[in-house]
**Student:** 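The structure under discussion is supplied below as structure tokens; questions concerning it will follow.
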Amino acid sequence: MGTTGLIYDPRYLEHDMGAGHPESPNRLRAIMQRLEQSGTLATLTRIDPRTAEDEWVTLVHRSEYVAMLNRQAPTHGRVSLDADTSMSPGSLGAAYLAAGGTLAGVDAIMAGRVQHAFCAVRPPGHHAEADRAMGFCLFNNVAIAARYAQKRYGVQRVLIVDWDVHHGNGTQHSFESDASVLFFSTHQYPHYPGTGRASECGRGAGEGLTINVPMEAGEGDDEYRAVFQKVLVPAADAFKPEFVIISAGFDAHRDDPLASMGLTEEGYADLTNIVAGIARQHCQGRLLSALEGGYNLTALAASVERHIQALVAA
């Protein structure tokens with residue numbers, strides 16, 4: 001068994017897009033309460049996040065976009081960034097801390113302090129493009145972590161597995177021409193944001209290294225397991241990643257209000273086992289997982305707990 005880290009900070013709760021918004025601070029409250037009450041929290045190594053430095057953020061996002069966020073960040077009220085995404089006074093600090101949480105996770109893994117880490121961060125990140133906020137996301141946390149692992153530690157090949165129910169358009173666009181990142185995504189299709197067709201498979205040097213598997217509404221544990229075993233595992237074996245990152249959205253759960261998929265908590269544990277097996281096979285178990293979606297609080301907390309328990313046992 002390897003040690004498993006947990007990145008969390010109460011300042012993540014200060015990002016607040018208003019009453020009734022599904023991406024609410026209560027998501028993290030539910031997760032932390034569940035982990036504490038069940039005793040799972042006591043099995044984890046706590047890792048403090050840091051505020052991400054712009055030198056790492058701008059490996060993924062354009063400096064003009066980062067400057068715009070800093071310029072528009074409100075001191076009171078809210079500023080709308082797109083139809084679904086806004087900033088409150090605590091949002092930009094939380095976003096820098098969310099990206100910095102993944103950096104701290106990479107540091108802890110590369111130093112051998114932990115083998116894997118779950119980043120209980122918000123705002124989420126996988127919809128954020130180089131130059132725009134989108135779909136509840138400000139900074140693309142996993143993309144920044146991937147670039148950081150490469151630039152800071154000389155990691156040559158990174159595998160990003162995105163099992164959020166929505167396609168990770170921002171992550172795909174960050175790496176679709178890059179031969180050093182394999183991006184694999186399962187997602188309900190057609191569904192927000194409309195990208196993620198199977199024909200989107202990368203371009204130039206990255207051709208063949210974007211793998212999209214559109215899923216049909218209602219598919220659940222058995223279908224997901226089959227896709228991971230038959231598509232992801234062979235692709236990862238050919239790619240031989242040196243670091244593995246999961247965009248861990250839990251909104252493909254059968255009880256989630258924003259989608260129509262059929263995964264259960266046990267399904268998420270099975271997917272975790274498959275991805276952890278890839279990490280164990282190719283990169284000494286090095287695996288970083290970062291929270292994306294998941295909007296039924298009970299299902300989210302239970303799924304995160306099973307995900308973490310599977311990491312602990314990996």
**Student:** Return yes if some donor-acceptor pair links the side-chain N/O of D221 with the main-chain N/O of T264 below 3.5 Å, else return no.
**Tutor:** yes
**Student:** Ignoring hydrogens and angles, tell me if any N or O in the side chain of D9 forms a donor-acceptor pair with the backbone of P49 under 3.5 Å.
**Tutor:** no
**Student:** Between M261 and E219, is a side chain to side chain contact (heavy atoms under 4.5 Å, CB included) present by the stated rule, with each step listed?
**Tutor:** CA-CA 6 Å; M261 301 307 293; E219 291 187 310; 3.8 Å; yes
**Student:** Can you name the closest pair of heavy atoms from A235 and I211 and give their distance?
**Tutor:** CB-CD1, 3.5 Å
**Student:** Side chain to side chain contact (heavy atoms under 4.5 Å, CB included) between L287 and V244: does it pass, once the steps are laid out?
**Tutor:** CA-CA 5 Å; L287 192 162; V244 177; 4.3 Å; yes
**Student:** So, do Y192 and H127 have ring centers that fall under 6.0 Å from each other?
**Tutor:** yes
**Student:** Parallel, tilted or perpendicular for Y148 and W56, by the 30°/60° rule?
**Tutor:** perpendicular
**Student:** Please name the pair of heavy atoms, one in A236 and one in H282, separated by the smallest distance, quoted to 0.1 Å.
**Tutor:** O-NE2, 3.8 Å
**Student:** The criterion is salt bridge (charged side-chain N to carboxylate O under 4.0 Å, His left out); which residues satisfy it with R29, sequence neighbours excluded?
**Tutor:** none
**Student:** For F184, which of W163, F239, F228, F175 qualifies under ring-ring contact (aromatic ring centres under 6.0 Å, His included)?
**Tutor:** F228
**Student:** Taking atom types as modelled, is there a side-chain donor on Q172 or T210 under 3.5 Å from an acceptor on the other?
**Tutor:** no
**Student:** Given side chain to side chain contact (heavy atoms under 4.5 Å, CB included), test L159 with F243 step by step and report yes or no.
**Tutor:** CA-CA 6 Å; L159 165 64; F243 200 97; over 6 Å; no
**Student:** When you look at T102 and I245, which way does the side chain to side chain contact (heavy atoms under 4.5 Å, CB included) test go after all the steps?
**Tutor:** CA-CA 10 Å; T102 66; I245 299 175; over 6 Å; no
**Student:** Between D82 (side chain) and T85 (backbone), is there a donor-acceptor pair under 3.5 Å?
**Tutor:** yes
**Student:** Does either side chain, that of E305 or that of T40, offer a donor lying less than 3.5 Å from an acceptor on the other one?
**Tutor:** yes
**Student:** Is the side chain of Q229 donor-acceptor paired with the backbone N or O of V227 at a distance under 3.5 Å, no angle test?
**Tutor:** no
**Student:** Taking atom types as modelled, find out whether H61 and E129 have a side-chain donor-acceptor pair closer than 3.5 angstrom.
**Tutor:** no
**Student:** Can you tell me if H307 and T272 form a side-chain donor-acceptor pair at under 3.5 Å?
**Tutor:** yes
**Student:** Spell out, as yes or no, whether a donor-acceptor pair under 3.5 Å connects the side chain of D131 to the backbone of R62.
**Tutor:** no
**Student:** I'd like to know if the side chain of Y189 pairs up with that of N212 as donor and acceptor (distance under 3.5 Å, no hydrogens or angles considered).
**Tutor:** no
**Student:** Going by atom types alone, do S185 and H167 pair a side-chain donor with an acceptor below 3.5 Å?
**Tutor:** no
**Student:** Please step through salt bridge (charged side-chain N to carboxylate O under 4.0 Å, His left out) for the pair R50 and D107, ending with a clear verdict.
**Tutor:** CA-CA 11 Å; R50 69 174 196 263; D107 288 337; 2.8 Å; yes
**Student:** S174 side chain to A130 main-chain N or O, any donor-acceptor pair under 3.5 Å?
**Tutor:** no
**Student:** Before accepting this row, confirm whether a basic side-chain N of the pair E200/R197 lies closer than 4.0 Å to the acidic partner's carboxylate O.
**Tutor:** yes
**Student:** Inspect the surroundings of CD in Q72 and state if more than 12 heavy atoms from other residues, nucleotides or ligands are less than 6.0 Å away.
**Tutor:** yes
**Student:** Please check if the side chain of R306 supplies one atom and the backbone of A301 the other of a donor-acceptor pair under 3.5 Å.
**Tutor:** no
**Student:** What is the distance from atom CG of N169 to atom CG of N140, rounded to the nearest 0.5 Å?
**Tutor:** 8.5 Å
**Student:** Please name the residue in the list S88, S24, S91, S86 that meets the side chain to side chain donor-acceptor pair (under 3.5 Å) test with H15.
**Tutor:** S91
